[in-house]
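Here is how names work: the chains are called A, B, and so on, in the same order as the sequence lines, proteins then strands, and each is numbered from 1.
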Number of protein chains: 2
Amino acid sequence: MTVTLADVAARAQVSPATVSRVLNGNYPVAATTRERVLRAVDELDYVLNGPASALAAATSDLVGILVNDIADPFFGIMAGAVQSEIGGPGGRAGGERLAVVCNTGGSSERELTYLTLLQRQRAAAVVITGGAVEDPLHAEAMAGKLRRLGEAGTRIVLCGRPPVQDTGAIALAFDNRGGGRRLTEHLLDLGHRRIGYIAGPEERTTTRHRLEGHRDALKAAGVDECATVHGPYDRRSGYEATRELLRQDPDLTAIVAANDTVALGACAALREAGLRIPEDVSVAGFDDLPFSVDVVPALTTVRLPLYEAGARAGRIAMGREAEPPGKMSVIAGELMVRGSTARPRT
Amino acid sequence: MTVTLADVAARAQVSPATVSRVLNGNYPVAATTRERVLRAVDELDYVLNGPASALAAATSDLVGILVNDIADPFFGIMAGAVQSEIGGPGGRAGGERLAVVCNTGGSSERELTYLTLLQRQRAAAVVITGGAVEDPLHAEAMAGKLRRLGEAGTRIVLCGRPPVQDTGAIALAFDNRGGGRRLTEHLLDLGHRRIGYIAGPEERTTTRHRLEGHRDALKAAGVDECATVHGPYDRRSGYEATRELLRQDPDLTAIVAANDTVALGACAALREAGLRIPEDVSVAGFDDLPFSVDVVPALTTVRLPLYEAGARAGRIAMGREAEPPGKMSVIAGELMVRGSTARPRT
DNA sequence: ACGTAGATAGAAAGCGCTTGCTATCGAGGG
DNA sequence: CCCTCGATAGCAAGCGCTTTCTATCTACGT
């Protein structure tokens with residue numbers, strides 16, 4: 001059998017209670033006793049039984065992080081940031097917390113399933129990243145689940161997603177709408193009038209907000225909306241959408257993509273069509289992922305402070321940073337003008 | 001209080017034992033009884049207490065995944081693949097498993113710490129990705145930890161890392177040496193003789209193997225080794241290393257980078273120095289991350305089947321795929337020749 | 001010198017679930 | 001018609017830890 005608390009206690013000639021207290025450091029123990037216990041722990045290679053501890057103490061050191069796609073740096077960066085903040089000092093036993101990263105693949109059911117699994121583990125906190133699916137049924141199920149989680153003592157922070165009413169969840173939302181608007185304004189300022197738009201998957205808040213910002217800008221400038229195509233947030237989608245866009249409107253002079261990854265696909269399709277960037281067609285992305293500055297030409301995009309947002313979400317989840325007033329904070333993006341956008345040919 | 005098994009039992013007018021058996025589905029229960037229990041579970045919104053269950057059953061549904069950097073797609077892709085395989089059917093209660101992704105940041109101590117934490121949680125399995133640190137002390141500590149984990153019933157799979165003796169851990173190693181050799185051979189075939197090398201961080205297996213492959217190729221061709229610079233696996237390192245390389249040998253005609261991300265930095269530095277790729281200097285990477293085909297010119301690199309390897313590691317960890325003979329399998333890389341390499345100027 | 005507060009340590013009662021063993025019931029077999 | 005066996009369900013003993021309450025012992029204050 002594996003070594004238990006009792007074994008350590010026997011070896012150190014103290015009661016199990018004392019060993020527990022030494023390990024948790026939340027109760028006065030004489031230095032010599034502590035010494036003896038620690039030595040026994042070491043000699044026996046004792047490792048605390050997490051489930052037993054969690055059961056008895058009714059707490060756990062697991063923190064859940066929900067992401068759409070762990071292979072996408074957009075989420076990876078946020079997840080890494082959250083993780084870097086939840087460990088470290090504070091709390092019990094060295095305050096070691098484990099991050100449970102859950103890949104929802106953007107599916108709302110899996111989102112719910114994972115939340116149930118985290119609830120089952122009695123997670124200390126949950127950080128949910130990425131936009132929400134805008135299905136009323138799902139929204140309701142989600143709200144209910146979050147409410148129950150909150151009641152069970154799990155802290156919930158939404159990172160890059162709009163607030164969910166009546167759940168007590170804290171929301172750190174990105175200003176996708178403002179970013180989308182500024183990006184299109186930039187293109188309009190350069191003189192573009194025929195701007196194709198590659199939107200993300202439908203029925204998602206992020207997609208809608210970015211698209212709304214785009215339309216706001218067009219409307220304010222009195223410019224008619226040009227072709228818009230929806231697709232997933234991946235490179236392939238950008239490639240295919242661009243071919244479609246070019247078919248619908250061969251005269252467009254600029255393309256705005258749902259995010260940087262999609263923009264990459266768009267660039268590939270454009271080049272394949274023999275069009276130069278930005279001389280023939282300007283391209284803009286969103287997010288400013290690390291590679292965006294390296295592609296040639298460097299991508300004009302809207303920078304989202306992903307790491308900072310994730311870190312903040314992590315701190316709030318751990319109660320190490322005050323919640324924003326109104327349990328909600330909007331994080332602005334910053335327009336990064338680079339080589340992929342220029343004046344249209346005259 | 002939250003709802004417990006006993007509450008469900010009371011409502012369904014059965015014993016707690018029966019509820020447990022319905023939930024775990026590992027014991028015959030009459031259809032009508034099961035029906036009644038399930039209804040009660042539903043009506044009470046009951047969620048199993050994971051820690052209690054894990055304690056009583058001495059098993060857990062947590063699977064650990066160790067990665068160096070979750071924000072790096074190299075690891076993100078593998079982690080996502082592992083995760084996609086560990087869920088799904090098989091095992092208890094719908095077989096829902098939770099992936100605990102641990103960011104070691106490449107630090108060997110944190111690696112050990114996380115393993116202890118996973119041991120504490122009595123993880124069902126652990127998948128360790130990324131190269132190992134080659135410090136004898138650490139290697140020994142690691143071997144001991146893995147052995148103890150294995151003895152406690154945790155299945156261990158190393159993914160992209162060489163085997164550790166006497167631990168029973170299964171290893172899926174990448175053929176970094178062979179890949180490195182082929183890459184340099186390709187450059188030599190093109191006619192390059194002055195090839196700068198940007199290696200990864202020192203004292204790591206991945207770094208060493210790739211570098212050895214490079215040197216093997218040079219030696220076989222009777223070509224003298226050119227400048228080599230070490231640095232972390234990130235873009236910035238590639239940028240700085242390239243400036244250094246150019247300083248050491250202004251006449252080099254090709255640069256081999258430790259991985260694609262580093263290669264990106266190298267490209268940036270070369271362009272900044274007014275050098276064209278591949279006309280003036282050829283550049284090659286390693287890994288073939290998704291963006292590598294999109295940069296301009298597209299990167300010549302060695303493709304590693306990251307997703308497939310991760311998926312396989314996940315399946316082996318879940319016991320759904322036979323272990324490779326000798327508990328070890330070498331996964332080859334594939335040379336992808338693209339636009340970033342060409343004959344040197346004559 | 002005696003009472004008492006303060007500092008430690010131990011005893012024991014669970015935390016909520018799983019599971020080996022036992023009990024019950026009905027259906028066949030002899 | 002009695003006995004045995006198969007199918008279900010319940011009992012109760014833990015799993016290994018935390019924590020409340022109690023017991024000791026030492027050190028002072030007066």
Does a donor on one side chain sit under 3.5 Å from an acceptor on the other, for A:Thr104 and A:Ser107?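 No pair is found: no donor N or O on one side chain lies under 3.5 Å from an acceptor on the other.
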Judged by modelled atom types alone, do A:Ser84 and A:Tyr307 share a side-chain donor-acceptor pair under 3.5 Å?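 Distance-only check passes for A:Ser84 and A:Tyr307.
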Where the side chain of [X] is defined as all heavy atoms beyond and including C-beta, which of [options] is the nearest nucleotide?
| X | options | value |
| --- | --- | --- |
| A:Ala30 | C:dG16, C:dA9, D:dG16 | C:dA9 |
| B:Tyr46 | D:dC17, C:dC17, C:dA11 | C:dC17 |
| A:Ser53 | C:dG10, D:dT8, D:dC17 | D:dC17 |
| A:Leu55 | D:dG16, C:dC17, D:dT19 | D:dG16 |
| A:Ala17 | C:dT18, D:dT19, D:dG10 | D:dT19 |
| A:Ala56 | C:dT19, D:dT18, C:dC17 | D:dT18 |
| B:Ser15 | C:dC17, C:dG10, D:dC11 | D:dC11 |
| B:Asn26 | D:dC17, C:dT19, C:dA9 | C:dT19 |

Take atom [atom1] of [X] and atom [atom2] of [N], then tell me their distance rounded to the nearest Å.
| X | N | atom1 | atom2 | value |
| --- | --- | --- | --- | --- |
| A:Arg120 | C:dC17 | CZ | P | 11 Å |
| B:Leu23 | C:dT18 | CG | P | 7 Å |
| B:Leu5 | C:dC15 | CG | P | 14 Å |
| A:Glu35 | C:dA9 | CD | P | 13 Å |
| B:Arg36 | D:dG10 | CZ | C1' | 13 Å |
| A:Leu48 | D:dG16 | CG | P | 12 Å |

In plain terms, say whether [X] and [Y] are close enough for a salt bridge, that is, a side-chain N and a carboxylate O under 4.0 Å apart.
| X | Y | result |
| --- | --- | --- |
| B:Glu111 | B:Arg161 | yes |
| B:Arg148 | A:Asp45 | yes |
| A:Arg312 | A:Glu321 | yes |

With DNA chain C as reference, determine whether B:Pro51 or A:Val29 sits nearer its 5' end, using the nearest nucleotide of each.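 The answer here is A:Val29.
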Residue closer to the 5' end of DNA chain C, A:Ala52 versus A:Gln13 (nearest nucleotide):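 Of the two residues, A:Gln13 wins.
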Between C:dA9 and A:Tyr27, counting only base atoms on the nucleotide and side-chain atoms on the residue, is there a donor-acceptor pair under 3.5 Å?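 Counting by modelled atom types and ignoring angles, a donor-acceptor contact under 3.5 Å is found here.
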Less than 3.5 Å between a donor and an acceptor, one on the side chain of A:Arg21 and one on the base of C:dG10, is that the case here?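 Result: at least one qualifying N/O pair found.
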Given side chain to side chain contact (heavy atoms under 4.5 Å, CB included), test B:Thr113 with B:Leu115 step by step and report yes or no. CA-CA 5 Å; B:Thr113 305; B:Leu115 285 176; over 6 Å; no
Output yes when at least one side-chain N/O atom of [X] is less than 4.0 Å from OP1 or OP2 of [N], else no.
| X | N | answer |
| --- | --- | --- |
| A:Ser20 | D:dT19 | no |
| B:Asn49 | C:dC15 | no |
| A:Thr4 | D:dC15 | no |

Sugar-phosphate only, base, or nothing, as touched by A:Val14 at under 4.0 Å among non-hydrogen atoms: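 Counting heavy atoms under 4.0 Å across all strands, the contact made by A:Val14 is with sugar-phosphate only.
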Determine the contact category for A:Val19: base if any of its heavy atoms lies under 4.0 Å from a base atom, sugar-phosphate if only primed atoms, P, OP1 or OP2 are that close, otherwise nothing.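 It contacts nothing in the nucleic acid.
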